[in-house]
**Student:** 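Below: one structure in structure tokens.
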Amino acid sequence: MNRISRFLWFCAGAHLATLEKHPTDHNKYMGIGATIFFTGLFAALSGGYAMYFVFKGGDFAWLFSLFFGLIWGLAIFNMDRYIVGSLDKNASTNKQLLQATPRILLAIMIGMVISRPLELKIFDKEIKEKLKVSYLNGQRSKIDTLNKAFDKKYTIEIGKLNDLKAQRDSLASGIKSDRQKLNYEIFGNKTTETSGVMGYGPYAKRKESELKQRQQNLDTLNADIRKMEKFVDGRKQFDGLMSEKLYTSKQLDSLANIAGFADRNWALGQLSFNPDGSKDFNTSLAITFIGLLFIFFECLPVFVKLMSARGSYDHAIENAEKVQVHLSDKDRDAEIAVADQIQDTRISIKTQQKIDELRNSQPPSF
């Protein structure tokens with residue numbers, strides 16, 4: 001327990017030797033230290049998870065994410081430890097608030113950075129579904145764009161093919177109608193265009209001859225259509241339209257699983273909107289409150305330090321700092337005094353040297 005306490009005191013940025021002498025403040029700084037430690041832990045998990053998607057698919061993705069998560073967690077831990085440790089509890093309330101304001105703003109920024117990757121993990125299932133819809137719509141849009149570009153490029157050929165198909169359909173419809181009339185004539189069904197006499201007469205023979213000729217025309221027309229369709233399909237194959245198909249469910253699952261950090265972050269933002277573009281307040285509030293929770297958790301060490309009363313440890317730290325300042329001033333005065341004496345000695349020596357030089361330079365008197 002003693003080692004854990006000392007570790008948490010270290011996390012809180014406390015002076016261990018001084019804090020040990022003031023047991024009434026032990027629990028307070030254990031709480032502050034635990035808060036800072038878990039903030040760094042969450043930062044490590046968040047950074048490692050984010051980096052995992054950067055190197056996802058690589059052979060050493062887990063190693064890179066572990067290394068970066070550790071570095072990121074230690075960086076946030078060190079920053080939080082400095083932020084909390086630098087707050088002066090011996091200052092006035094207004095001064096403490098002034099000191100804490102930039103630190104709180106920095107903590108908010110850190111909380112926002114930490115919360116985003118964890119939000120991605122919390123809404124992982126919803127993000128994958130949103131990505132599947134996005135990828136499928138993107139593929140449809142791509143296919144539509146290619147088709148429009150192809151239609152524009154081969155307008156004449158496609159127009160000719162459509163005309164041939166229209167002629168074929170019209171001719172096939174006429175042949176079907178005339179064949180029915182021929183059957184009526186043969187079997188003696190009376191209509192406005194048939195005689196009503198049963199048998200294979202001259203009218204039926206003439207009608208059958210016309211049908212054969214029209215059937216030959218239809219066959220020729222179908223051959224021309226197949227030739228034109230073969231040409232158009234060849235152009236589609238050349239331009240890549242035949243290879244573009246809508247994704248299957250298995251392909252969509254694979255794409256969603258290997259999606260990068262940017263795509264997942266975009267999908268998380270899109271969860272706040274319905275398919276029709278309206279705001280989804282329930283999901284939006286859930287994402288917002290999760291982000292605010294991590295921001296508050298990051299700011300919590302600063303708030304705890306501000307709310308805590310000035311204890312005996314803080315008073316001892318103030319006295320120790322005064323002693324250190326006093327000793328520093330005395331050391332400064334001593335160094336100045338020594339420097340002055342050294343300078344005076346140098347001046348005396350130089351003066352004596354000049355006097356001796358003058359005496360030696362005078363000529364002897366007779």
Side-chain angles (χ1 to χ4, degrees), residues 2-37 39-40 43 71 73-110 298-359:
N2 188 42
R3 290 183 178 180
I4 296 176
S5 299
R6 292 178 64 85
F7 172 72
L8 294 179
W9 295 343
F10 166 78
C11 294
H15 188 267
L16 302 185
T18 305
L19 184 57
E20 285 181 340
K21 301 175 183 178
H22 303 276
T24 55
D25 285 338
H26 286 184
N27 290 334
K28 179 175 70 175
Y29 281 91
M30 283 178 63
I32 295 174
T35 305
I36 295 175
F37 171 76
T39 303
I71 297 299
L74 289 175
I76 298 301
F77 168 79
N78 181 68
M79 192 175 298
D80 284 341
R81 186 171 177 269
Y82 165 74
I83 289 174
V84 174
S86 61
L87 288 177
D88 185 7
K89 288 301 297 180
N90 298 306
S92 63
T93 302
N94 292 333
K95 188 175 181 180
Q96 288 185 48
L97 291 174
L98 187 62
Q99 289 177 341
T101 298
R103 290 163 174 79
I104 291 175
L105 294 176
L106 181 60
I108 291 174
M109 293 179 62
I110 294 173
E298 175 63 29
C299 297
L300 190 59
V302 180
F303 292 151
V304 171
K305 189 69 178 290
L306 286 175
M307 291 185 297
S308 62
R310 182 172 181 266
S312 57
Y313 166 77
D314 300 307
H315 185 70
I317 289 294
E318 181 183 17
N319 292 335
E321 289 179 350
K322 289 180 179 179
V323 171
Q324 292 297 323
V325 171
H326 181 73
L327 290 175
S328 178
D329 291 340
K330 291 299 182 182
D331 290 340
R332 179 200 61 190
D333 295 339
E335 291 294 333
I336 291 175
V338 171
D340 290 341
Q341 291 183 14
I342 292 174
Q343 188 64 20
D344 292 341
T345 302
R346 286 177 178 173
I347 293 173
S348 299
I349 293 173
K350 284 287 185 181
T351 303
Q352 187 63 42
Q353 288 177 350
K354 290 294 182 181
I355 293 173
D356 293 340
E357 289 177 0
L358 290 173
R359 287 177 178 175

**Student:** Could you give the distance from OH (Y29) to CG (L8), rounded to the nearest 0.5 Å?
**Tutor:** 14.0 Å

**Student:** Can you check whether G33's main-chain N or O pairs, donor with acceptor, with R81's side chain at less than 3.5 Å?
**Tutor:** no

**Student:** Could you grab the distance from atom SG of C11 to atom CG of D80, nearest 0.5 Å is fine?
**Tutor:** 10.5 Å

**Student:** Roughly how far, to the nearest 0.5 Å, is OG of S348 from CD of Q343?
**Tutor:** 10.0 Å

**Student:** Could you tell me if the ring centre of W9 sits under 6.0 Å from that of H26?
**Tutor:** yes

**Student:** Between T345 (side chain) and Q341 (backbone), is there a donor-acceptor pair under 3.5 Å?
**Tutor:** yes

**Student:** Residues two or more places apart in sequence or in another chain: which of them pass side-chain hydrogen bond (donor to acceptor under 3.5 Å, both in side chains) with T101?
**Tutor:** none

**Student:** So which heavy atom on S5 is nearest to which on M30, and how close?
**Tutor:** OG-SD, 3.7 Å

**Student:** Output the distance between atom CD1 (I347) and atom CD1 (I342), rounded to the nearest 0.5 Å.
**Tutor:** 12.0 Å

**Student:** So which atom in H22 and which in A316 form the shortest heavy-atom distance, rounded to 0.1 Å?
**Tutor:** NE2-CB, 3.2 Å

**Student:** Find out whether K322 and H326 are in side-chain contact, i.e. whether some heavy atom of one side chain is under 4.5 Å from a heavy atom of the other.
**Tutor:** no

**Student:** Quick one: CD1 on I317 to OG1 on T18, what's the gap to the nearest 0.5 Å?
**Tutor:** 4.0 Å

**Student:** Taking all atoms of both residues into account, what is the closest heavy-atom pair of A14 and Y313, and its distance?
**Tutor:** CA-OH, 3.4 Å

**Student:** Which residues pass the ring pair (Phe, Tyr, Trp, His ring centres under 6.0 Å) test with F7, not counting sequence neighbours?
**Tutor:** F37

**Student:** How close do A12 and I36 get, heavy atom to heavy atom, and via which atoms?
**Tutor:** CA-CD1, 4.0 Å

**Student:** With H315, which residues qualify under side-chain hydrogen bond (donor to acceptor under 3.5 Å, both in side chains), at least two apart?
**Tutor:** R310, N319

**Student:** Regarding K28 and D314, does a basic nitrogen lie under 4.0 Å from an acidic carboxylate oxygen?
**Tutor:** yes

**Student:** Can you tell me how far apart NE2 (H15) and NZ (K21) are? Round to the nearest 0.5 Å.
**Tutor:** 8.5 Å

**Student:** Can you confirm whether more than 12 heavy atoms, excluding those of R332, are under 6.0 Å from its CZ atom?
**Tutor:** yes

